[in-house]
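Here the structure comes first, spelled out in C-alpha cells, and everything after it is commentary.
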Amino acid sequence: MKHSSLAASIAERAIGEGLPLVFLLAWWLTARNMPDFILPGPVQTGETLLQLFIDPAFVGDTLISLARVVASVILAVILGGALAALARYVPSSAYAVQRRVLPVLNSFPSVGWAILATFWFQPDSGSVIFVETLILIPFCAIALTQGIADMDRELLEMGASFSRSGFKIAWKIALPMLLPYIMSSVRIAYGVGWKIALVSELFGVDHGLGYLMLRAEVIGNTAMVFASCFAIVIIFVAGEKLIIDPLARRFAVH
Amino acid sequence: MVRDDLERRRRRVATLFTLAVLAVWIVVGIVEPPYLLPGPGDVLERLGAFVIDPHMWVHAGASLLHVVVAVAGSILIGGCLALLAYYLPVFRLAVHGRISPFLNSFSGTGWVLLAVLWFGLGDFTVVFSLAMVLIPFAIINVRHGLDSLDPELIEMAKSFGHSDFKRFRLIILPALTPFLFSTMRSSFGVSWKALLTAELFGGDKGFGRLFNVARQNYDTPLVVTVIVIIVVAVYASDRYLFEPAQARLSAHYEAL
C-alpha cells in the first residue's frame with residue numbers, strides 16, 4: 001500500500017514537472033515550421049525575455065510597469081480601507097458605500113476607465129495609476145470590510161479603557177488585528193493589478209510593458225508579445241513568493 | 001425600532017449620495033465640453049438613440065454571444081481539467097500546480113494580442129481570449145466543489161456497486177451544481193470586463209468595437225453610454241437573476 005502511494009506520488013511529480021518540458025518541446029517543434037510573427041521559438045522568446053530584465057532599452061519599461069502596479073496597490077489599499085472604515089464607523093453611510101460606490105466600481109469596465117483617462121488626463125504614469133487604482137479599490141474594500149467586521153471588539157474596548165488616544169488604539173490594537181486582511185487585500189490587488197496593468201498602458205503612454213506589447217503586436221514582433229506576458233508572470237510570482245508570502249506569514253493570526 | 005431607524009437613515013443617505021453624484025455630473029457636464037464629460041441628459045439621449053438603432057442591437061447581441069460562448073467553453077474545459085485531476089490524481093500537480101497558476105497569471109491582454117496575430121480579427125479571437133482568462137476560475141471553483149464532496153457518500157455509492165459514470169451522474173454532478181453555478185456567476189461578471197479589451201483589439205463587432213470607433217472619434221457620449229449599459233446590465237443581472245437563482249439553488253441543495 002505504502003509502495004503504491006509512493007509510486008503514485010512519484011508519477012504525479014514526474015507528470016507535473018514534465019508538463020512544462022513537454023510544452024516547451026511541443027512549442028519548439030511547432031515553431032520550427034512557422035514564421036516568427038505567428039509563433040517564435042522558445043529560444044528566441046527566452047532571449048527577448050532576458051532583454052526585458054537586462055537590456056537598458058527595455059528594463060525601464062519593466063520597472064515603470066512594476067512601479068505603477070505597486071503605487072496602485074498601495075493607493076487602492078488605503079482608499080479601499082477608508083471606504084470600508086467609513087461604512088463601518090459611520091453606519092448611515094453603509095448603503096452608499098456597499099450598494100452604490102462598490103457595485104459601480106466593481107462592474108465598471110477597466111478599458112472604460114482607460115479610455116476616459118485618455119480624454120481627461122495627459123497620458124503618463126499618473127493616468128495609468130488612476131486607472132489601476134480605481135479598478136483595484138473594490139477588491140481591497142471587500143477584503144478590508146471583512147477584516148474590520150472580524151476585529152475583536154472586546155480587545156478594542158479594553159484598549160479604550162487603558163487609553164483615551166484614538167490614534168494609539170488604532171496603531172497598537174486595531175492595525176495589528178487588520179494586518180492579515182491588509183495582506184490579503186495586497187495579495188488580491190497585486191494579482192489583479194498585473195492582469196489589468198497592460199490594459200491601462202495600452203492607450204497613449206509611451207513606456208511600460210503594455211506599451212511595449214502593443215507596439216510589438218503592431219509590427220508583428222510576436223516574440224516580444226510573448227516575452228512581455230512571461231515577464232509579467234515572472235514578476236508576479238517573484239513578488240508573491242519573495243515579498244507578499246513572507247509578509248503574510250509574519251502578520252498571520254497565531 | 002432602533003434598527004428600523006438606522007435602516008431608514010442608510011437608505012436616505014444612499015439616495016442622497018446618488019442624487020449628489022448626479023448633481024455633480026450635471027454641473028460638470030455643463031461646465032466641461034461633451035468630449036471630456038457629457039452630462040446625464042446627453043447620455044440619456046444617446047441611450048435612447050442606441051435602443052432604437054437596430055445596428056446597435058447587433059453589437060449588443062454579438063457581445064452577449066461572445067460572453068455566453070466563452071463562459072460555457074471555459075466551464076467545460078476548466079471543469080474537464082479539474083475532473084481529470086480528481087479521477088486521475090497523478091495529474092493533480094500538472095493541473096493545479098502548473099496549468100491553473102500559469103493561466104491565472106498570464107495577462108488577458110496578452111491573450112488578445114496573441115489571438116489577433118494567430119487568428120486575425122473576428123468572433124473566434126474574442127471568444128478564445130475570453131475563455132483563456134476564464135478557464136482558471138472554472139478549474140479553481142470546480143476543484144473546490146470536488147474537494148467538498150462527502151467521501152462517505154462516494155463510499156456508499158461504491159458499496160452499492162454503481163459504475164464510475166453512474167456515480168458521476170447521480171452524486172458528483174448534482175453536488176457540483178452549486179459550484180458550477182457560482183463559476184458561471186463569477187465568470188459572467190469577469191467576462192464583461194475582459195470582453196471590451198478583447199473586442200476592442202480583436203473583434204469586428206460588439207461593444208468593444210463600438211468603444212474603438214468612439215475613442216477614435218472622441219465620441220465620449222457613446223463611450224459613457226456603453227459603460228452605463230454594461231454597469232447596469234452586469235449589476236442588474238447579478239442582483240436580480242444570479243443572486244436569487246443561487247439562493248434558490250443553495251436552499252434546494254441544503255434541503256437535500
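Lettering of chains follows the sequences in order, A, B, ..., and the numbering in each one begins at 1.
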Closest-packed option against chain A by number of heavy-atom pairs under 4.5 Å, given B/Ile230, B/Thr220, B/Val223
B/Thr220

What part of B/Thr18 gets within 4.5 angstrom of chain A, counting heavy atoms only: side chain, backbone, both, or neither?
side chain

If I measure from the heavy atoms of chain A, does B/Leu200 come under 4.5 Å with its side chain, its backbone, both, or neither?
side chain

With a 4.5 angstrom heavy-atom cut-off, is it the side chain or the backbone of B/Val231 that approaches chain A, or both, or neither?
both

Quick check on A/Thr222 against chain B: is it the side chain, the backbone, both or neither that has a heavy atom closer than 4.5 Å?
both

Where do B/Leu117 and A/Ile38 come nearest, in terms of heavy atoms and distance?
O-CD1, 3.7 Å

For chain B, which of A/Phe226, A/Tyr95, A/Phe23 has the most heavy-atom pairs under 4.5 Å?
A/Tyr95

Measure B/Arg92 against the heavy atoms of chain A and call it side chain, backbone, both or neither at under 4.5 Å.
both

Using heavy-atom distances under 4.5 Å, tell me whether B/Val224 contacts chain A through its side chain, its backbone, both, or neither.
side chain

May I ask you to name which of A/Leu214, A/Val97, A/Ile135, A/Leu209 has the most heavy-atom pairs under 4.5 Å with chain B?
A/Leu214

At a 4.5 Å cut-off on heavy atoms, which part of A/Pro91 comes close to chain B: side chain, backbone, both, or neither?
both

Heavy-atom proximity to chain A below 4.5 Å, by part of B/Arg11
both

B/Ile227 vs A/Leu116, test: side chain to side chain contact (heavy atoms under 4.5 Å, CB included). Steps then yes/no.
CA-CA 10 Å; B/Ile227 290 173; A/Leu116 288 176; 3.8 Å; yes

Which is it for B/Arg10 and A/Arg99 under the side chain to side chain contact (heavy atoms under 4.5 Å, CB included) test, yes or no, and what are the steps along the way?
CA-CA 10 Å; B/Arg10 283 177 166 172; A/Arg99 297 188 181 179; over 6 Å; no

Counting heavy-atom pairs under 4.5 angstrom with chain B, the leader among A/Asn106, A/Val90, A/Thr118, A/Ile10 is A/Asn106

Contact summary for B/Gly110 and A/Cys229, nearest pair of heavy atoms
CA-SG, 3.4 Å

Can you establish whether the number of heavy atoms outside B/Tyr35 located under 6.0 Å from its atom OH is more than 12?
no

Exam field: side chain A/Trp120 to backbone B/Leu36, donor-acceptor pair closer than 3.5 Å:
yes

When heavy-atom pairs shorter than 4.5 Å are enumerated against chain A, which of B/Phe102, B/Trp118, B/Phe91 gives the highest number?
B/Trp118

Do the non-hydrogen side-chain atoms of B/Phe106 and A/Ile232 ever get within less than 4.5 Å of each other?
no

Stacked cation flag A/Arg100 on B/Phe17, 6.0 angstrom / 45 deg:
no

Interface residue of largest heavy-atom contact number with chain A, from B/Leu113, B/Val13, B/Val133, under 4.5 Å:
B/Leu113

Can you confirm whether or not the ring centre of B/Tyr218 sits under 6.0 Å from the ring centre of A/Phe119?
yes

Say you draw a straight line from CZ of B/Arg98 to CD1 of A/Ile15; how long is it, rounded to the nearest 0.5 Å?
12.0 Å

Name the region of A/Phe37, side chain, backbone, both or neither, that has any atom closer than 4.5 Å to a heavy atom of chain B.
backbone

Would you indicate whether B/Gln216, at its atom CD, is surrounded by more than 12 heavy atoms from other residues, nucleotides or ligands within a distance under 6.0 Å?
yes

Among B/Asp238, B/Leu16, B/Leu196, the residue with the most heavy-atom pairs under 4.5 Å to chain A is B/Leu196

Please report the shortest heavy-atom distance between A/Ala96 and B/Ala14, naming the atom on each side.
N-CB, 3.8 Å

Count the heavy-atom pairs under 4.5 Å between each of B/Val234, B/Leu114, B/Val112 and chain A, then report the option with the highest count.
B/Leu114

Taking all heavy atoms of B/Leu93 and all of A/Gly16, pick out the closest pair and write down the distance.
CD2-CA, 3.8 Å

Only pairs of heavy atoms separated by less than 4.5 Å count here; which of B/Val190, B/Val90, B/Thr15, B/Asn104 has the most with chain A?
B/Val90

